[in-house]
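A short write-up of the structure that comes next.
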Amino acid sequence: MMRYLFLFLSAASLLFTSCDGDISAAMFAGGDGTYDFKNEWLDSKYHVDESKIHLLNFESDDDTVYSLYLGDFAQIATDTIIVYLHGNAASMDQFWQTAGLFANLVDQHHYGFIMYDYRGFGWSTGQSTGAESMAADYDAVLEFLEDQGLTSDRMIVFASSLGALAAGPASAGGSRIPIDKLVMEIPQSTSNVIMQNTSGLSLPSSMITSYKFDIGEDLANYDGELLWMHGTADKTAPYETAKAAMYMHEGSYFTEAIYEDVGHGLRWAIGDEEWSRVVLEFIRH
Amino acid sequence: MSYKPMKTVRLSLACLALILASSCAPTKIVKPLDKGQWQIGGTLGRPQINDGSLPILGAYAAKGVSENRTVYGGVQISSALLGSAHVEGGQVKLWREQNGLEPALSWSTGAQALMSTRDYAFRLYPETGVNAYWHRGPHILNASANTWIDPTWFLTEYGRGQILAPSFSAGYRFRYRWIEAQVEYKILNPTREILVPQADVPNTLGLGARGIYWGVALNF
């Protein structure tokens, strides 16, 4: 009897799975954006020259990706440019304060700064679904920077949380401008780790999604310089697994900034001064 | 605009992973069925995430193969909708009859099998548990302890696997003639911290997760 019962239930289950739709998009928390990038929303010490705020858009496959550039375009061919890959919030709006901070590292507009919304975030059209869409969006922005004259030796890629999912494959050879300096701030590690931390079992992420990422494996194939910033109390991107992934890096230079009892809101917890110190030290290294 | 770190409360991929979490399903059979009796039921589980909960749908069938032994099999429909086949089967055996206020005891053994339809990754989790229950008229009250056994714990990345994934539950069943209604409160995997990115998982002393489950079944 049990044999027939199992056969029936297995068949029923497989029948259901035949209508399998990938749910990778559920990982991305994209939402509306206003793009109201003005000084009035910034602390006065992070004010920018409002004539140097540029809202851009790029074609990424069949979608349009919106981007914010702070600085002079001419700067891209001659100066250091920070490419910021933001975390899992609705849009670039949530990172305007961060942009202001970057724009005031050293002094106002010392470095050029660019960030963008992944598909489905802010005004960017479409829907982020995984490695392919993330890579295409990143490449659309890099294509613009390359056209403007940016070269590898002047590019800093700063990936925060979700941004690490785009930065990982890019660092492992997937960037048209090779990355030589990479900052991983509060990064995830692998899709399997997320699945296993959530389920408490040895389940692979393929049980629920085709989006498979392994940032440790990416970093093992990255030859450039790496700064890793993390808090030991991070429950969104757990410290221990992030550490295991970051330590797979065997590139030319590695440094870490680890903070006890700090969670996922690292920059807010350690303060702008300490955060700027660590980032600047790495950029100037 | 807001510039604080954002606490996303929407359903995330990781929340969905909780659907496959250990013991994230109600106890099917607490008291063995009568010999020859069939029970077919549907279950709705709701493990808690943030201020809400996730719906977990399942269906099962059970048959009393003797006076004190019932076999069952079930399918997790929610898992199927996410792209994995998830079936379970097992038996529940009466261990000790109820004696006044002393509860009856039953013992369950079985297994959960999951297979990804994407890369055909397969996992098998044997499980065992014990149920203490009081049956009076149509009312059945139970307290249960169960554990999944993870024989592939070593496949967990970065060496964080655990062999046992226990759960504890308390429930009430109304079994009258051909119908049975079930409700159960369950503490899931309290031996480890369940981490769901950008979500709060209500827990007990910082460990595990919890949920409420309902079921409706027909007896014939």
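A note on names: the letters A, B, ... follow the listed sequences, proteins ahead of strands, and every chain is numbered from 1. Worth knowing before you read on, the calculation uses all heavy atoms, side chains too, and leaves out hydrogens, waters and symmetry mates. Note that this is a predicted model, so its numbers are computed, not measured.
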Strictly by modelled atom types, are A:S206 and B:Y120 linked by a side-chain donor-acceptor pair under 3.5 Å?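 B:Y120 and A:S206 do not have a side-chain donor-acceptor pair below 3.5 Å.
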
B:E157 versus A:T190, side-chain donor and acceptor atoms under 3.5 Å: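 Note: A:T190 and B:E157 side chains meet the donor-acceptor criterion.
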
Over 12 non-hydrogen atoms of neighbours within 6.0 angstrom of [atom1] in [X]:
X      : atom1 : result
A:E273 : CD    : no
A:E256 : CD    : yes
A:E274 : CD    : yes

[X] versus chain B, heavy atoms under 4.5 Å apart: side chain, backbone, both or neither?
X      : value
A:D214 : side chain
A:S189 : side chain
A:P238 : side chain

Minimum heavy-atom separation for [X] and [Y], please, with both atom names.
X      : Y      : value
A:G216 : B:Y158 : CA-OH, 4.4 Å
A:M207 : B:L114 : CE-O, 3.6 Å
B:Y125 : A:S202 : OH-OG, 3.2 Å

Nearest 0.5 Å please: distance from the CG atom of B:D150 over to the CD atom of A:Q196.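 It is 9.0 Å, given to the nearest 0.5 Å.
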
Determine whether B:R123 and A:L201 make a side-chain contact, defined as any pair of heavy atoms from C-beta on separated by less than 4.5 Å.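 The answer is no, as the side chains (C-beta and beyond) never meet within the 4.5 Å cut-off.
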
Taking the side chain as every heavy atom from C-beta outward, state whether A:K212 and B:D119 have any pair of such atoms under 4.5 Å apart.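 They are not in side-chain contact.
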
Look at the side chain of B:R160 and the backbone N and O of A:G200, then say whether any donor-acceptor pair between them is shorter than 3.5 Å.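 Pair absent, no side-chain N/O of B:R160 close to backbone of A:G200.
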
